[in-house]
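To start, the structure itself, in structure tokens.
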There are 2 protein chains.
Amino acid sequence: MVADRLSTTFAALADPTRRAILARLMRGEAAVGELAAPFAMTLPAISKHLKVLERAGLIARGRAAQRRPCRLAAEPLGEVSRWVADYRRFWELRLDRLEDYLQEAPKARTRRPKKGKAHDRTRR
Amino acid sequence: MVADRLSTTFAALADPTRRAILARLMRGEAAVGELAAPFAMTLPAISKHLKVLERAGLIARGRAAQRRPCRLAAEPLGEVSRWVADYRRFWELRLDRLEDYLQEAPKARTRRPKKGKAHDRTRR
DNA sequence: CCGCTTATTAACCAGATGGTAAAATAATGA
DNA sequence: TCATTATTTTACCATCTGGTTAATAAGCGG
């Protein structure tokens with residue numbers, strides 16, 4: 001896959017199970033079995049998810065007796081945060097524009113209730 | 001795939017080509033051919049990438065003659081930003097700890113020079 | 001209508017992903 | 001040493017992904 005770090009991080013985050021695991025780890029270290037408990041899937045599945053998170057540098061693992069406790073290692077998220085920050089003005093701008101548009105009320109637009117997705121609909 | 005919105009967004013961002021397309025769109029609208037130009041891949045490939053971005057709500061597309069101009073629609077990134085913010089203290093904490101460790105200098109560690117780019121500051 | 005330009009759809013392929021069950025490994029404790 | 005607990009590895013499967021080429025569609029401009 002050779003993917004760059006940012007891609008690897010985003011890919012790791014693109015799964016609700018893995019994000020839930022990270023959320024759990026915010027509350028402190030946990031062993032694999034403990035992490036698996038809330039999910040309706042087998043241990044090997046969780047083990048794979050943990051490997052994905054580990055390769056993305058989002059968790060680190062230790063060893064204590066038979067357990068392999070995991071802990072959060074969030075720096076890649078710093079990278080994500082920095083990446084996304086570049087786009088901040090775009091979603092903020094968009095909201096501003098929407099506000100302007102709604103306030104200006106050019107001509108006598110029939111005030112259609114907001115109801116998103118008015119246009120486009122490229123067939124289908 | 002039924003994936004939730006956040007998963008769809010992260011998945012869409014987990015590809016350097018798609019991130020590059022978003023970066024290009026920061027500089028303004030562009031048609032498909034124009035977006036495709038910088039990449040060593042065929043138009044259908046780009047078309048697919050655009051579909052992924054569109055389904056993630058990261059771009060919107062219009063129509064102008066034969067062209068289908070794309071423009072950035074970054075609100076899903078707002079969601080990402082909000083999600084990632086919850087973890088901020090974790091990567092900041094880690095850096096703090098590192099700092100502590102470096103300052104304490106227990107025993108007589110050989111002072112390796114800090115080598116600029118110490119810890120990055122998340123900007124802003 | 002014809003032909004050009006722009007873009008999408010269709011069909012296909014290799015490789016990644018997310019899951020399973022069953023077997024293997026690792027550390028502890030009797 | 002043996003059983004137990006905790007976790008990973010292996011082998012397998014279906015589906016998704018990212019790319020290709022070839023065919024199709026949609027708007028122009030003559």
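Below, chains carry the letters A, B, ... as their sequence lines are ordered, and counting in each starts from 1.
The residue among B:Ala31 and A:Ala40 whose nearest nucleotide of DNA chain C lies closer to the 5′ end is B:Ala31.
The side chain of B:Arg55 contributes no N or O atom lying less than 4.0 Å from OP1 or OP2 of D:dT17. At C:dT17, none of the side-chain N or O atoms of A:His49 fall inside 4.0 Å of OP1 or OP2 (strictly under the cut-off). Phosphate proximity of C:dT9 to B:Lys51: present, with a side-chain N or O under 4.0 Å from OP1 or OP2. The side chain of B:Arg18 places an N or O atom within less than 4.0 Å of a non-bridging phosphate oxygen (OP1 or OP2) of D:dG18. Phosphate proximity of D:dT8 to A:Ser47: present, with a side-chain N or O under 4.0 Å from OP1 or OP2. Between A:Arg61 and D:dT7 there is no side-chain polar atom (N or O) within less than 4.0 angstrom of OP1 or OP2. Listed pair A:Arg63 / C:dA27 meets the phosphate criterion, a side-chain N or O lying under 4.0 Å from OP1 or OP2.
Remark: C1' of D:dG19 and CG of B:Leu43 are 13 Å apart, rounded to the nearest angstrom.
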Going through the checks in order, is the salt bridge (Lys or Arg N to Asp or Glu O under 4.0 Å) test met by B:Arg19 and A:Asp4?
CA-CA 12 Å; B:Arg19 290 198 307 278; A:Asp4 56 295; 2.6 Å; yes

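Within 4.0 Å of B:Ala45, counting heavy atoms only, lies at least one base atom of the nucleic acid.
Taking a cutoff of 4.0 Å between a charged side-chain nitrogen and a carboxylate oxygen, B:Glu34 and B:Arg24 qualify as a salt bridge.
Aromatic ring pairs are classed by plane angle as parallel below 30°, tilted from 30° to 60° and perpendicular above 60°; the pair B:Trp83 and B:Phe10 is perpendicular.
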